[in-house]
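Okay, structure first, notes after.
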Amino acid sequence: MEYNFKEIESNWQKYWATNKTFAAKDGGDKPKYYVLDMFPYPSGAGLHVGHPLGYIASDIVARYKRHKGFNVLHPMGYDSFGLPAEQYAIQTGQHPKITTEQNIARYREQLDKIGFSFDWDREVRTSNPEYYKWTQWIFIQIFNSWYNKSTNKAEPIETLIKVFETKGFNSKLDDTLTGDIEKDLEPFTGEEWKAFDEKKKSDILMNFRLAYLGESFVNWCPQLGTVLANDEIKDGVSERGGYPVERKLMKQWSMRITAYAQRLLDGLDTLDWTESLKEAQRNWIGRSEGTSLKFKVSQGDKWIEVFTTRPDTVFGVSFVTLAPEHELVESLTTADNKAAVEAYVTQAKNRSERERQADINKITGVFTGSYVEHPFTGKQVPIWIGDYVLAGYGTGAVMAVPAHDSRDYSFAKHFGLPILEVVAGGDLEKESYDAKEGKLINSDFLNGLEVKDAIKKAIAEIEAKGLGKGKVNFRLRDAVFGRQRYWGEPIPVYYKNDIPYALNENELPLVLPEVDKYLPTEDGEPPLARAASSWKHEGKYDYEHSTMPGWAGSSWYFLRYMDAHNGSVFADKKLSDYWQQVDLYIGGSEHATGHLLYVRFWTKFLKDLGYIAIDEPAKKLINQGMIQGTSAYTNIISKVNYFDLPNEANSNFVIYISKNKLKEFVSSNDTSFISDIYKKHFPNVDFSKTRFEFDKESPNNGIGKRAVLVDYVNPNDTLQFDNFKKWRDLMFRESNLIVEYVFENDGSFIVDREVEKMSKSKWNVVTPDDIAEKFGSDTLRLYEMFLGPLEQSKPWNTNGITGVHGFLKKLWRLFYSPLQGGAQGAGDVAFNVSNDEPTKGELKTLHKTIKKITEDIERFSFNTSISNFMICVNELTDAKCNKRAILEPLLICLSPYAPHIAEELWKQLGHNESISTAAFPDFNEAYLVDDNVNYPVSFNGKVKFTLELAATLTAPEVEAIVRANEQTTKYLDGKEPKKVIVVHKKIVNMVM
RNA sequence: GCCCCGGUGGUGGAAUUGGUAGACACGCAGGACUUAAAAUCCUGUGUCUUCGCGGACGUACGGGUUCAAGUCCCGUCUGGGGUACCA
């Protein structure tokens, strides 16, 4: 029998599905192991070869752990709310639910074909009401909680109300407030609190709730009636449609993730994640230690508070800068400066964040006309406004020390403001000196101190004068939680008398209503407002009309897999106590700061309220590398300069021109091929006076490029021209153009290649389906792993695929090849496995392989394990080994990687149960011991020859033998070695 | 700018703790089987030099540490990713 992968693979896929081979059991004697892949969004394009990379790796681990005696949870589901489906719905009017279902079906089909060992009984979809009921439930818990700084955890809001009732509230210095929305709340007593009306109470509590309605800046696009993410904006206008975008303060639901900033930071130390990923999170959280410091405004009794990490440089302050959005801007502006300031503020406010970034070198600002007093010298310090100061960070105001901060430095240089040196060591003519090193000068009581000590002393002085307080600031912002979109979880809130109320648990799920269109209303309300007339709480009160963001459902899904169908709780505590953390989490690094922060935040929150026992969602995390596609581009010429072109030949054209021909024509400045084309198309026109020139004005001489569907490009970069032409004509309906092709002299057409991100728009997507069709899924699995280290990005090419496919065939022949008659292969061969005792050599091959494979899996080095399998099969083939005692353990080792062929051969060996139930073989060191050691002998570190010596020899004995060797004598050339180094069982080095 | 990860044959990559650089695979060249092809098998394949034995060079570049460096240290170049006026 030949290796018929098609039949084998579909049979075993059916077998696994029917027998629920990979269903996880909730409990039992075995230790548990939870392997999770990052939640996929089921896009319409289906899977390309990059997606399964991580799934194959996690599947190998899952299968391996089962062999090792673990109870493995390896689930899969879909993050099925999201923008692409909504966009498609807007264009076609089709309900996103339908497209989502179709996409999921396609995903599932592709996933099944690759033979993953998922427990499909636990599948979840975030867009199912049975699922988002619990997303809404968690939202309500967060809404009904506040962060208690003294216990350092989230607590029910009732405990805060109790505090208010008994002690009242002092002020923001009360230390009760958390997060960065630190509004100045009026103090009140317990009695006053009790007397407040419901609206007032609600407003006050909003400042404490972990899910709260707050004001934050967003990128608002009036024409689209929606808020845009930063990456939906290109060059200051919306990517879609090109409409203007403005920064707008909007009332929005937010999550007080900032309350958890310190814990999110500290928790990183307990995690086995890559250092780079942890570093990304640390940077994102952005903890900085410093102090607040108040400057008294010279006129009136106002104060400006700043945050600084460099209080040591306080004597170097030469001006104070406010963000354009700062609340004191208006009142501090003097009459003389009013017009200028107003103009500047209006313009700065309307620049999107992106725009401000784009003009990083353009320094803008304006003087208010007012001054503050320097807190220590009493000198007058001017107040400026500059958009390099961000309203959202710190206090929205900075004390500018141009000598020791590069941004202040550029600002000061640009506006001719003084630069006062207070830390010695820099060259202020050229640049600011930002380093936290050196001695303080020109700084009164700080003079002579090192920066570190000066910071401490300055804070102490500031605190003593009551001007501020040492504090910690975080870069992390609260997360905006509302989206002006349709296809997301409804936020379970309704409004009564302008007060937001959370739904009761028994009212969940709040089901997404049907709407006539998936667009915002005419007056800019979110799409859900279209349903408002009939969609009301108790038939009277409006629901919240924004929906949850994409990260809501994915912030807790790992818990739902533990108890996927529970209707009465998001996950039974008994089950979450059993499954605990994810032991291995695999996914792309693009989630480093988004998803992975939010899921950690929700996990900590749920732990605080006692719903789960763990503090971090995933113990170990691996980022898979990206698989890049190789795009193909044809050169086209669509613009040349022509002179004296007869009118009747005036026509637009596009010429596809092969790579080398183009080079040839351009380098020789030869445009005759263009006139040839004109002559061909207008045979009756006289072109004798016409002259063509490459367009030297345009960047590439008028030569452009067009992406080609890579399916029609041969490995040698030539086009399958007929296929390409058919596709091209379909894609670009350019019947009104002259379309021509210029080939190489040999008639071929050569394209340019480029390695870049795999994407539909670049026509370079490769789906796993073709590979699976041609070589089988086991080959696909092996090949994706064989490409290189999991974490490394690499371009997809199928050059080596015959190698791994050949390996599987070779493995098959160990079981099926007739031993007599050599290795010719062809013809009928029968299953032929012997029960003979294996030789010492065969046992060595096997155990060496077991050892290496075990080590490789444990360190997630899948590419090397495949090489090791190849070496093993090569050696067994050379030894003509068809012995059960060798092949059986080998199959178990291989089955995580190539499960179908392993199952099939396992069955042929006479087993009735799935190979996944077999125990992973242990290796026996005794088989690996060598009698001899091959010593490389080197002279001054350069290896000259090797010497095979008995392993039992001691180092001095080895040295004696090497010294006596005649080759040694030759290389020593009569000289006595200065030193001889013998590393036992490794190497000998003669130093001359 | 800052942070992170890389740079090894024609190609993907291996070398796990400093100890024979290039395992394994592709590609290429030659050969066997075949009417032919496919499939399969065998041999060779870092570069330069040599008829050959051999010799020299070689892990982006320049230094250093070491008996010994792809691996450790310093500097430079370069590719990729992340991030961004965060005070």
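Everything numeric here is computed off the predicted structure, so don't read it as measured data. All chains are named by letter (A, B, ...) in the order of the sequence lines, taking the proteins before the strands, and each is independently numbered beginning at 1.
- In summary, A:Arg282 and A:Asp269 engage in a salt bridge, as defined by a charged side-chain N under 4.0 Å from a carboxylate O.
- In this model, the phosphate group of B:rG13 is approached by a side-chain N or O of A:Gln792 to a distance below 4.0 Å at OP1 or OP2.
- The side chain of A:Lys986 contributes no N or O atom lying less than 4.0 Å from OP1 or OP2 of B:rU20.
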Exercise. How does RNA chain B look in dot-bracket form if you count Watson-Crick and G-U pairs under 3.5 Å, write [ ] for pairs that cross, and put | where a base pairs with another strand?
Worked result: (((((((..(((......[....)))((((((.......))))))((((....))))..(((((..]....))))))))))))....
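- A cation-pi contact, defined as under 6.0 Å to the ring centre and within 45° of the axis, is absent between A:Lys278 and A:Trp273.
- Taking the C1' atoms as reference points, B:rG81 lies 41 Å from B:rC67, given to the whole Å.
- The number of heavy-atom neighbours closer than 6.0 Å to NZ of A:Lys413, taken from other residues, nucleotides and ligands shown, is above 12.
- You'll find the side chain of A:Leu621 reaches within 4.5 Å of the side chain of A:Leu596, heavy atoms only.
- Contact between the side-chain N/O atoms of A:Asn863 and the OP1/OP2 oxygens of B:rA14 is found at a separation under 4.0 Å.
- Remark: the separation of the P atoms in B:rU20 and B:rG70 is 10 Å, to the nearest Å.
- Note: A:Trp812 and A:Tyr3 have tilted aromatic rings, judged against thresholds of 30 and 60 degrees for the angle between ring planes.
- For B:rA25, one of the phosphate oxygens OP1 or OP2 lies less than 4.0 angstrom from a side-chain nitrogen or oxygen of A:Asn874.
- Proximity of A:Arg813 to the phosphate of B:rC41: a side-chain N or O atom is located under 4.0 Å from OP1 or OP2.
- Note on ring orientation: taking the six-membered ring where Trp is involved, the planes of A:Phe939 and A:Phe945 are tilted (angle from 30° to 60°).
- Annotated as anti: B:rG62, whose glycosidic dihedral deviates from 0 by more than 90°.
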